[in-house]
Amino acid sequence: MNLQHIPQIKYTESGNFFLLAGPCAIEGEEMAMRIAEKLVGITDNLQIPFVFKGSFKKANRSRIDSFSGIGDEKALKILRKVSETFKVPTVTDIHTNEDADMAAQYVDVLQIPAFLVRQTDLVVAAANTGKVVNLKKGQFMSPESMKHAVQKVLDCHNENVMVTDRGTMFGYQDMIVDFRGIPTMQQYATTVLDVTHSLQQPNQTAGVTGGRPDMIETIAKAGIAVGVDGIFIETHFDPANAKSDGANMLHLDFFESLMTKLVAIRKTINTF
């Protein structure tokens with residue numbers, strides 16, 4: 001996939017990795033704009049191609065009383081406002097065929113959640129919008145098996161597809177990243193490493209997913225070192241009180257320092 005096919009994306013000739021980042025879920029306009037403004041400033045300064053990420057709804061929560069969204073259209077309009085205000089592309093998850101057409105009116109990249117990546121009708125619905133499609137690798141899938149998900153998009157005459165590794169189940173309550181999978185999946189499509197979701201600790205008895213944010217820098221550095229095309233990181237200015245995935249998000253205060261380190265590693269890797 002050519003990054004330049006993503007509308008409004010900048011710095012594609014910088015030699016940097018590209019970045020998908022933002023909060024797990026859109027909790028409101030003020031928080032989304034605050035996070036976006038910070039991320040745009042950092043990525044402009046470091047010349048990192050940037051896509052703002054935010055889920056307009058969360059359909060895969062552990063408990064029925066967990067936060068699922070502020071309303072579909074309201075959240076999608078916030079994503080569009082972020083894009084128009086800061087002149088950056090946006091990405092959001094979809095969960096049903098109907099979501100595809102609706103979300104495509106507001107965002108630039110449609111993301112298929114890992115649990116749903118084998119749902120042919122959903123993948124096809126996303127591909128048929130003509131938007132860029134980001135396929136999350138299922139926690140239960142091998143890197144090699146993702147070529148079939150990619151092919152579904154290509155068979156819809158849409159070549160704008162990427163794959164994102166978000167870890168593989170290790171037992172019942174932990175995830176691991178097998179970095180051997182990155183070059184494997186790069187044979188099929190542009191490949192992204194979802195750092196923060198790879199550090200989830202799911203299936204907790206309380207019904208709230210845990211995480212290891214202390215390992216974010218380690219996993220991110222390793223991903224850049226092995227040559228991943230893009231990095232995916234969820235961030236928030238108050239992770240402890242975030243309405244979704246706070247346990248594994250990167251605090252916004254630490255974002256610039258991490259990006260500076262990753263850019264330096266990428267620069268070194270590019271000399272080899």
Side-chain angles (χ1 to χ4, degrees), residues 1-22 43 47-55 79 83 87-94 99-101 103-114 116-120 122-138 141-166 179-195 197-198 220 223-224 226-233 262-263 266 269-270:
M1 185 194 76
N2 189 333
L3 276 186
Q4 294 178 347
H5 291 168
I6 302 177
Q8 300 193 90
I9 197 161
K10 307 172 188 174
Y11 311 119
T12 56
E13 303 301 322
S14 67
N16 271 324
F17 55 90
F18 69 98
L19 175 70
L20 290 81
T43 53
Q47 295 196 321
I48 300 172
F50 171 56
V51 182
F52 180 81
K53 183 270 168 186
S55 296
L79 284 165
S83 181
K87 309 303 180 189
V88 294
T90 53
V91 55
T92 198
D93 306 90
I94 61 171
D99 284 351
D101 287 333
Q105 299 176 50
Y106 296 90
V107 303
D108 303 293
V109 181
L110 300 179
Q111 182 166 281
I112 307 298
L116 300 178
V117 74
R118 290 193 58 175
Q119 297 299 109
T120 300
L122 179 61
V123 173
V124 168
N128 283 339
T129 66
K131 296 288 184 176
V132 175
V133 179
N134 183 23
L135 302 168
K136 286 287 197 79
K137 184 184 81 67
M141 293 174 67
S142 70
E144 291 80 4
S145 65
M146 285 302 294
K147 65 183 176 183
H148 303 298
V150 170
Q151 192 61 48
K152 290 176 185 178
V153 179
L154 298 177
D155 286 345
C156 295
H157 309 290
N158 185 342
E159 296 183 353
N160 297 318
V161 57
M162 54 180 146
V163 173
T164 295
D165 194 343
R166 49 94 72 239
F179 289 98
R180 298 173 299 177
I182 290 174
T184 296
M185 290 188 291
Q186 284 175 320
Q187 298 175 58
Y188 319 131
T190 298
T191 301
V192 178
L193 175 60
D194 180 346
V195 176
H197 283 107
S198 295
I224 297 299
V226 299
V228 76
D229 301 301
I231 291 287
F232 179 113
I233 295 181
L262 298 184
V263 167
R266 179 60 176 251
I269 293 297
N270 287 345

Original post:
What residues form a salt bridge (Lys or Arg N to Asp or Glu O under 4.0 Å) with Lys131, not counting sequence neighbours?
Top reply: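 Salt bridge (Lys or Arg N to Asp or Glu O under 4.0 Å) list for Lys131, sorted by chain: empty.
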Original post:
Which residues satisfy the salt bridge (Lys or Arg N to Asp or Glu O under 4.0 Å) test with Asp99, sequence neighbours excluded?
Top reply: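 Result, salt bridge (Lys or Arg N to Asp or Glu O under 4.0 Å) vs Asp99: Lys57.
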Is any side-chain heavy atom of [Y] closer than 4.5 Å to one of [X]?
| X | Y | value |
| --- | --- | --- |
| Val226 | Gln186 | no |
| Val192 | Asp229 | no |
| Ile231 | Ile224 | yes |
| Leu193 | Phe179 | yes |
| His157 | Asn128 | no |
| Ile94 | Leu122 | yes |
| Gln8 | Ser83 | yes |
| Phe17 | Leu262 | yes |

Partner set under side chain to side chain contact (heavy atoms under 4.5 Å, CB included) for [X], not counting sequence neighbours:
| X | result |
| --- | --- |
| Leu154 | Val150, Gln151, Glu159, Val161 |
| Thr92 | Phe56, Leu76, Leu79, Ala103, Val107 |
| Lys136 | Gln111, Ala114, Thr164, Arg166, Asp194, His197, Phe232 |
| Ser14 | Tyr11, Asn16, Gln47, Pro49 |

Subject >> Main-chain N/O of Pro7 paired to Asp108 side chain as donor or acceptor, under 3.5 Å >> reply: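 Checking the backbone N and O of Pro7 against the side chain of Asp108, no donor-acceptor pair under 3.5 Å is found.
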Applying side-chain hydrogen bond (donor to acceptor under 3.5 Å, both in side chains), name anything that partners [X], two or more places apart in sequence or on another chain.
| X | result |
| --- | --- |
| Thr184 | none |
| Asn2 | none |
| Gln105 | none |
| His5 | Asn160 |

Original post:
Which pairs with one or both residues in residues 5-21 pass salt bridge (charged side-chain N to carboxylate O under 4.0 Å, His left out), sequence neighbours excluded?
Top reply: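 Listed once each, the pairs are Lys10-Asp44.
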Check [X] against [Y] and note the closest heavy-atom contact, atom names and distance.
| X | Y | answer |
| --- | --- | --- |
| Ile9 | Val51 | CD1-CG2, 4.0 Å |
| Arg266 | Val228 | NH1-O, 3.4 Å |
| Ala127 | Asn158 | O-ND2, 3.0 Å |
| Glu144 | Tyr188 | CA-OH, 3.6 Å |

**OP:** Would you give the length of the straight line joining atom CG of Asp165 to atom CG of Leu135, rounded to the nearest 0.5 angstrom?
**Re:**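 Going from CG on Asp165 over to CG on Leu135, the span is 12.5 Å.
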Original post:
Under 3.5 Å, is there a donor-acceptor pair between the Thr12 and Gln4 side chains?
Top reply: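 The answer is yes; a qualifying pair exists.
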